[in-house]
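Both counts, for ligands and for their atoms, begin at 1 and track the order of listing. Note that this is a predicted model, so its numbers are computed, not measured.
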Amino acid sequence: MKNSQRRPLVVGNWKMHGTLVSAGDLLNALRTSLQQNTAVDVAVCAPFVHLPLCRELLTISGIRWGAQNVSAYAQGAYTGEVAASMLAELGCHYVLIGHSERRALFGETDAVVVEKLRQALAAGITPILCVGETLAEREQGSTEAVIAGQLAAVLSALPAGQLAQLVVAYEPVWAIGTGKTATPEQAQAVHAHIRRQWAAAQPGQAEALIVLYGGSVKADNARLIFAQPDVDGGLVGGAALDASQFCAIVNAAEQAWNH
Ligand code: PEP
């Protein structure tokens, strides 16, 4: 059974893919295909340079847009960085923070993640906080401990009012871009763990917390994963670059909520 306090959410993470032309084609296809959708919240997290196009093509579509990263600083001499206030000016509703690719490839620590969350929240943008374990950590049996550590850094740093605005994405690192998906049961177990930990820190918030699953979600596996009681939708990488796949995943979310 799905909890009526939570609406399903499906977010595409385009990563560093596309051109202005291909992004425009994808946005137009999503806008056309999803115009009847009212049951699922949908967003795309595009590269920074495609965000003005998102604003141009998605305004009044019902589809939201967001960024994949944000600076840990508000403004100043930080060459190459993009401030949360700049994302807000472009109408970003969401920003991914702490994606495993940023943690692993760009050295993002929990402390940096917290600073980025603060910046996003101060600009009125909803952060999607990504957490997840590596394959080695899962095989050692430390999945829950790793995720508990990533969450604890945030739960202990932000006040309740800010924590209430977060979305969490559970993304097992071994499932991202690999074609390997967590089983619905594996996903449910970790999602329930995340909700329990949230409840321990913020008892009034856990039932309303949106927890997405990410890691090789495709049209053919989404429905069973989304059917799990603590899975509130998905963060979708590769399949988000294909309009028909992404729309099928949105439909799978709708079906999971209608059952
Ligand atoms: C992601 O990038 O967040 C992701 C889940 O990618 P993929 O769906 O390709 O595994």
Side-chain angles (χ1 to χ4, degrees), residues 8-18 22-23 26 30 40-48 50-51 54 63-70 92-106 108 113 116-117 120 126-135 137-138 143 146-147 150-151 166-184 186-188 190-191 194 210-226 228 230-253 256:
L9 171 63
V10 174
V11 180
N13 173 15
W14 289 1
K15 311 197 191 198
M16 197 173 71
H17 290 295
S22 70
L26 182 50
L30 296 180
V40 180
D41 290 336
V42 177
V44 293
C45 288
F48 291 132
H50 295 160
L51 292 172
C54 292
I63 303 170
R64 292 166 167 164
W65 60 96
Q68 301 166 18
N69 186 23
V70 64
C92 287
H93 188 90
Y94 295 106
V95 61
L96 304 181
I97 296 184
H99 190 281
S100 64
E101 288 157 14
R102 298 228 45 97
R103 291 182 192 256
L105 303 174
F106 301 98
E108 242 171 59
V113 165
K116 292 187 172 194
L117 291 171
T126 301
I128 300 177
L129 167 66
C130 303
V131 296
E133 83 288 3
T134 63
L135 184 59
E137 289 163 342
R138 175 162 282 266
T143 297
V146 168
I147 286 157
Q150 291 168 338
L151 286 182
L166 301 192
V167 169
V168 173
Y170 167 54
E171 299 206 300
V173 178
W174 47 272
I176 297 180
T178 58
K180 288 185 198 153
T181 320
T183 64
Q186 284 172 324
Q188 168 58 25
V190 178
H191 281 233
I194 290 170
I210 303 280
V211 186
L212 307 180
Y213 170 79
S216 297
V217 174
K218 308 284 178 214
D220 58 3
N221 61 23
R223 189 155 166 207
L224 284 179
I225 297 171
F226 293 168
Q228 298 301 310
D230 285 296
V231 177
D232 305 314
L235 179 55
V236 182
L241 296 170
D242 178 310
S244 61
Q245 275 265 344
F246 188 68
C247 293
I249 292 168
V250 173
N251 289 338

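Those atoms of ligand 1 with a heavy atom of G215 less than 4.0 angstrom away are 5 (C), 10 (O). If you number the atoms of ligand 1 from 1 as listed, the ones under 4.0 Å from a heavy atom of S216 come out as 7 (P), 8 (O), 10 (O).
Test V173, V146, V190 against R138 for side-chain contact (heavy atoms from CB on, under 4.5 Å) and you get one pass: V190.
Looking at E101, E171, K15, Q68 and measuring to atom 3 (O) of ligand 1, the nearest heavy atom belongs to E171.
Rounding to the nearest 0.5 angstrom, the gap separating the CD atom in Q188 from the CG atom in L224 is 13.0 Å. A distance of 10.5 Å separates CD1 in I128 from CD1 in I210, rounded to the nearest 0.5 Å. The line from CG of L30 to CD1 of I63 is 5.0 Å long, rounded to the nearest 0.5 Å.
Not a single heavy atom of A239 lies less than 4.0 angstrom from ligand 1. In this structure, A175 is part of the shell of residues with a heavy atom less than 4.0 angstrom from ligand 1. Residue H99 places a heavy atom under 4.0 Å from ligand 1.
Looking only at heavy atoms of the protein, atom 9 (O) of ligand 1 is closest to G238 N, 2.8 Å. Scanning all protein heavy atoms for the shortest distance to atom 8 (O) of ligand 1 gives G237 N, 2.8 Å.
At least one donor-acceptor pair under 3.5 Å links the side chain of Q68 to the backbone N or O of C45.
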**OP:** Output, in order, the C-alpha distance, side-chain angles, deciding distance and verdict of side-chain contact (heavy atoms from CB on, under 4.5 Å) for Q150 and I147.
**Re:** CA-CA 5 Å; Q150 291 168 338; I147 286 157; 4.0 Å; yes
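Summarising the geometry of A175 relative to Y213, their closest heavy-atom pair is CB-OH, 3.7 Å, with the distance given to 0.1 Å. Residues I249 and V236 approach most closely at CD1-CG1, 3.8 Å, considering heavy atoms.
Residue-to-ligand polar distances place G177 within reach of ligand 1: an N/O pair is separated by less than 3.5 Å. Ligand 1 has no nitrogen or oxygen under 3.5 angstrom from a nitrogen or oxygen of L235.
The residue C130 has no part lying near ligand 1, judged by heavy-atom distances below 4.0 Å. Both the backbone and the side chain of I176 come within 4.0 Å of ligand 1, counting heavy atoms alone.
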